[in-house]
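Chain naming here is simple, since letters A, B, ... match the order of the sequence lines and numbering starts at 1 in each.
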There are 2 protein chains.
Amino acid sequence: MKAIEWLGDTLRILNQTRLPMETLYRDAKTYEEVAEAIEKMEVRGAPAIGAAAAYGYALGALGYQGEMEVFKEYMEKVQARLASTRPTAVNLFWALRRMEDRLRDLQELDDIGRIRQALVEEADKIADDDRRTNRLIGEHGKSVVPDEANILTHCNAGALATVEYGTALGIIRAAHESGKKIHVYADETRPFLQGARLTTWELIQDNIPVTLIADNMAGYVMQQGKIDLIIVGADRIAANGDTANKIGTYSLAVLAHAHGIPFYVAAPTSTIDLKVSSGQDIPIEERSPQELRELFGVPTSPQEVQVYNPAFDVTPAKYITGIVTEKGIVSSPYSVNLLKIMVRS
Amino acid sequence: MKAIEWLGDTLRILNQTRLPMETLYRDAKTYEEVAEAIEKMEVRGAPAIGAAAAYGYALGALGYQGEMEVFKEYMEKVQARLASTRPTAVNLFWALRRMEDRLRDLQELDDIGRIRQALVEEADKIADDDRRTNRLIGEHGKSVVPDEANILTHCNAGALATVEYGTALGIIRAAHESGKKIHVYADETRPFLQGARLTTWELIQDNIPVTLIADNMAGYVMQQGKIDLIIVGADRIAANGDTANKIGTYSLAVLAHAHGIPFYVAAPTSTIDLKVSSGQDIPIEERSPQELRELFGVPTSPQEVQVYNPAFDVTPAKYITGIVTEKGIVSSPYSVNLLKIMVRS
């Protein structure tokens with residue numbers, strides 16, 4: 001399964017809103033279509049959003065019909081549109097900055113054909129890097145997974161959230177591939193059901209034993225001693241280690257702490273945002289009330305009810321046992337150790 | 001809105017499985033129909049289950065066509081069938097015991113008409129007691145609700161979970177009626193969505209401000225300082241104060257403790273089971289995997305996925321600030337104080 005696939009002049013996006021019940025694709029030929037797909041969460045997961053936005057940026061250049069004098073201005077509009085889609089995952093801004101930097105390096109060129117080629121190549125490079133990165137996260141992370149471990153995960157930090165393999169599920173895959181007998185508990189992850197729909201589906205396909213629970217069962221399974229460790233993904237990691245991830249992650253971290261269960265975050269270093277000093281400064285997206293008022297168009301509450309629907313929360317660094325990156329596992333003190341790993345090549 | 005209504009020879013049960021989107025009734029004329037309605041959660045909530053089972057028992061007698069010699073044996077079958085429906089809420093067994101005791105007192109009678117009348121009267125008395133009890137819980141409980149409080153509740157411990165008024169929502173109603181400006185956050189309460197469907201609906205009808213959140217958002221709203229206290233219902237309270245309630249309650253209690261938020265349980269003394277010494281001995285019902293695999297018949301996960309679906313969890317007494325009963329508020333040490341309140345008339 002591929003969250004996104006570049007087809008030469010089109011970004012094929014696997015629409016994750018109805019998976020696995022319905023398999024729909026969007027063949028995006030414009031940057032606007034990519035922006036829409038990100039907004040509607042047809043493609044989601046911080047690394048996948050980053051790579052999709054990079055291809056969206058390249059599609060902006062591919063679709064440009066105007067004069068070269070105003071091309072730079074136009075590309076700023078493309079960048080702004082793609083950046084406006086979702087506020088929390090920093091990989092989006094990181095990928096767009098990489099694309100902008102590449103374009104800036106090409107400033108002297110007035111050959112639109114060569115610019116287009118260079119931007120597609122840069123997006124390809126971002127996607128390739130993500131594939132490699134996830135394998136490395138898996139390699140580093142599998143060492144913290146005991147044999148016969150019961151692992152709780154939240155949302156989907158899998159192949160569908162990345163270009164391939166996954167971050168949290170990358171570690172789970174690597175542990176499984178190394179012969180460890182593991183079992184996963186997947187939180188269903190309301191309101192979007194990424195756990196129920198995507199994580200269980202990925203793991204079933206890989207023959208990794210998985211049990212689905214409702215989000216509100218996580219504390220009870222911990223209390224019963226059924227969880228050995230927790231691994232989740234991340235949307236943005238502040239300089240002090242505070243980590244924004246899918247809503248519900250914070251509750252899990254507090255519960256893990258109360259039960260003495262190790263709590264790991266798996267993320268590429270592109271998720272680390274040293275410009276943000278603590279979690280308090282990470283913008284948290286609020287999504288439509290309708291996501292809680294109905295499911296797949298079927299009402300689940302009074303339609304007039306007031307709703308609070310934050311899409312993410314922030315887990316303070318003190319609850320995080322380790323952050324598994326492609327460069328190794330970072331642990332406390334995060335302010336020092338995140339800086340160290342970011343400057344290491 | 002009435003969860004159940006006795007119509008002379010029929011128990012009208014408001015079917016809560018699709019409320020408020022669809023308002024369906026079951027007019028139960030046999031004890032078997034009442035048993036089915038409890039099993040399928042058409043009527044749910046510990047006090048409502050108790051009252052419904054009492055009327056079910058009376059319906060057993062009303063429908064009896066056999067010889068009086070084997071009537072007692074038959075009523076034991078009726079009792080066993082009703083008792084088999086759900087294992088956790090003790091009010092079910094408490095109400096059936098009251099009915100059995102009443103029947104035993106009538107042992108000398110061989111007048112089926114008088115037996116029937118006495119049993120219906122006893123069920124009416126259980127229902128009336130519950131109405132009165134909930135008002136008293138509200139009266140006692142409103143004192144712990146500060147003005148302008150933001151109250152988090154889980155599941156539905158409202159009018160629909162009782163004969164009238166509610167336990168947790170009874171306190172909220174009483175606080176509102178006394179002029180306190182309060183606001184409620186309602187957990188949606190997967191998988192059955194009692195919070196999203198029933199609690200919000202009840203509160204909207206009473207013009208009590210309510211905001212719906214997903215279960216996994218509770219920790220984040222506490223972290224943001226948005227919650228002043230938590231009030232939940234109960235399905236069974238052990239002699240040491242450990243409390244079984246809807247799955248997810250335990251997670252809330254741990255989160256409340258971590259944030260220094262008072263955590264109250266509201267329940268009639270019929271929910272206190274002194275025969276059970278601690279929460280470890282409370283049987284926890286596991287329900288069908290299908291409840292998590294689909295919603296209103298619409299698939300929400302791969303249909304072959306393994307599911308763990310406990311319907312309740314147990315909150316240790318140490319996390320409970322107080323238990324609000326019709327006889328007053330009980331606090332720690334629960335082993336002593338629950339005993340005291342149970343012997344008080």
Side-chain angles (χ1 to χ4, degrees), chain A residues 20-21 154 185-191 193 195-197 200-201 204 209-223 226 246-255 257-259 284 289 291-293 295-302 304-310 312-314 316, chain B residues 20-21 154 185-191 193 195-197 200-201 204 209-223 226 246-255 257-259 284 289 291-293 295-302 304-310 312-314 316:
Chain A
M21 289 75 78
H154 189 64
Y185 281 94
D187 275 351
E188 70 172 357
T189 319
R190 287 285 291 148
L193 299 173
R197 298 188 295 106
T200 62
W201 187 55
I204 287 169
V210 57
T211 300
L212 173 64
I213 59 172
D215 299 309
N216 62 26
M217 296 168 189
Y220 183 54
V221 298
M222 291 187 217
Q223 187 192 35
K226 290 186 176 180
K246 180 52 55 194
I247 187 72
T249 303
Y250 170 66
S251 292
L252 289 187
V254 172
L255 287 161
H257 184 76
H259 293 88
I284 299 296
E291 288 188 351
L292 268 159
R293 289 188 192 128
L295 184 67
F296 305 144
V298 180
T300 55
S301 73
E304 68 274 30
V305 72
Q306 189 174 313
V307 168
Y308 180 49
N309 184 19
F312 303 93
D313 59 26
V314 174
Chain B
M21 290 75 79
H154 188 66
Y185 282 94
D187 276 350
E188 71 172 356
T189 318
R190 287 284 291 146
L193 298 171
R197 298 188 295 108
T200 62
W201 187 56
I204 288 170
V210 58
T211 300
L212 173 63
I213 59 171
D215 299 308
N216 62 26
M217 295 168 190
Y220 182 56
V221 298
M222 291 187 216
Q223 187 192 36
K226 290 185 175 180
K246 180 51 55 193
I247 187 74
T249 303
Y250 169 65
S251 292
L252 289 187
V254 172
L255 286 161
H257 184 76
H259 292 89
I284 299 296
E291 289 188 352
L292 268 160
R293 290 189 191 129
L295 184 67
F296 304 144
V298 180
T300 55
S301 72
E304 68 273 30
V305 73
Q306 190 175 314
V307 167
Y308 180 50
N309 184 19
F312 304 93
D313 58 27
V314 174

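- Contacts with chain B were tallied for A/Pro299, A/Pro316, A/Ala258; A/Pro299 has the most, counting heavy-atom pairs under 4.5 Å.
- Among the candidates B/Val254, B/Asp313, B/Thr211, the residue making the largest number of heavy-atom pairs closer than 4.5 Å to chain A is B/Thr211.
- Counting non-hydrogen atoms of neighbouring residues, nucleotides and ligands closer than 6.0 angstrom, the NE2 atom of B/His259 exceeds 12 such neighbours.
- If you measure heavy-atom distances from A/Phe296 to chain B, the contacts under 4.5 Å come from the side chain alone.
- With a 4.5 angstrom heavy-atom cutoff, B/Ile284 touches chain A only via side-chain atoms.
- Within the 4.5 angstrom heavy-atom criterion, atoms from both the backbone and the side chain of A/Leu292 approach chain B.
- At a 4.5 Å heavy-atom cutoff, the contact between A/Pro302 and chain B is made by backbone and side-chain atoms alike.
- Annotation: side chain to side chain contact (heavy atoms under 4.5 Å, CB included) contacts of A/Ala196 (sequence neighbours excluded): A/Glu188, A/Leu193, A/Leu212, B/Ser301.
- When A/Ile247, A/Leu255, A/Ile213 are compared by the number of non-hydrogen pairs under 4.5 Å with chain B, A/Ile247 comes out ahead.
- Between A/Tyr308 and B/Tyr185, the ring planes are perpendicular. Angles over 60° get that label, and only those under 30° would be called parallel.
- B/Ile204 touches chain A through its side chain: at least one heavy atom from C-beta onward sits under 4.5 Å away, while N, CA, C and O do not.
- With a threshold of 4.5 angstrom between heavy atoms, A/His154 approaches chain B through side-chain atoms but not through N, CA, C or O.
- With respect to chain B, the highest number of heavy-atom pairs below 4.5 Å among A/Ala218, A/Gly219, A/Pro289 belongs to A/Gly219.
- For chain A, the option among B/Phe312, B/Tyr250, B/Trp201 with the highest count of heavy-atom pairs below 4.5 Å is B/Tyr250.
- Only the side chain of B/Val298 comes within less than 4.5 Å of a heavy atom of chain A; its backbone N, CA, C and O stay farther away.
- When each of A/Lys226, A/His257, A/Met222 is scored by its heavy-atom pairs under 4.5 Å with chain B, the top score falls to A/Lys226.
- Highest contact tally toward chain A, considering only B/Thr200, B/Val221, B/Thr189, B/Thr249, is held by B/Thr200 [criterion: heavy-atom pairs under 4.5 Å].
- Note: B/Thr300 leads B/Asp187, B/Val305, B/Thr300 in heavy-atom pairs under 4.5 Å with chain A.
- Considering all non-hydrogen atoms of both residues, B/Gly195 and B/Ala186 come closest at O-CB, 4.3 Å.
- The NZ atom of B/Lys246 sits 13.0 Å away from atom CG of B/Leu252, with the distance rounded to the nearest 0.5 Å.
- Looking only at heavy-atom pairs under 4.5 Å with chain A, the residue among B/Glu304, B/Gln223, B/Arg197 that has the most is B/Gln223.
- For chain A, the nearby parts of B/Asn216 are the backbone and the side chain; heavy atoms of each come within less than 4.5 Å.
- Proximity to chain A is limited to the side chain of B/Pro20, based on heavy atoms less than 4.5 angstrom apart.
- With a 4.5 Å cut-off on non-hydrogen atoms, B/Leu295 touches chain A through its side chain but not through its backbone.
- Using a 4.5 Å cut-off between heavy atoms, A/Asp215 touches chain B through its side chain atoms alone.
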Derivation and outcome, side chain to side chain contact (heavy atoms under 4.5 Å, CB included), residues A/Asn309 and B/Met217
CA-CA 8 Å; A/Asn309 184 19; B/Met217 295 168 190; 3.3 Å; yes
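- In this structure, chain B has a heavy atom under 4.5 Å from the side chain of A/Met21, while its backbone stays farther away.
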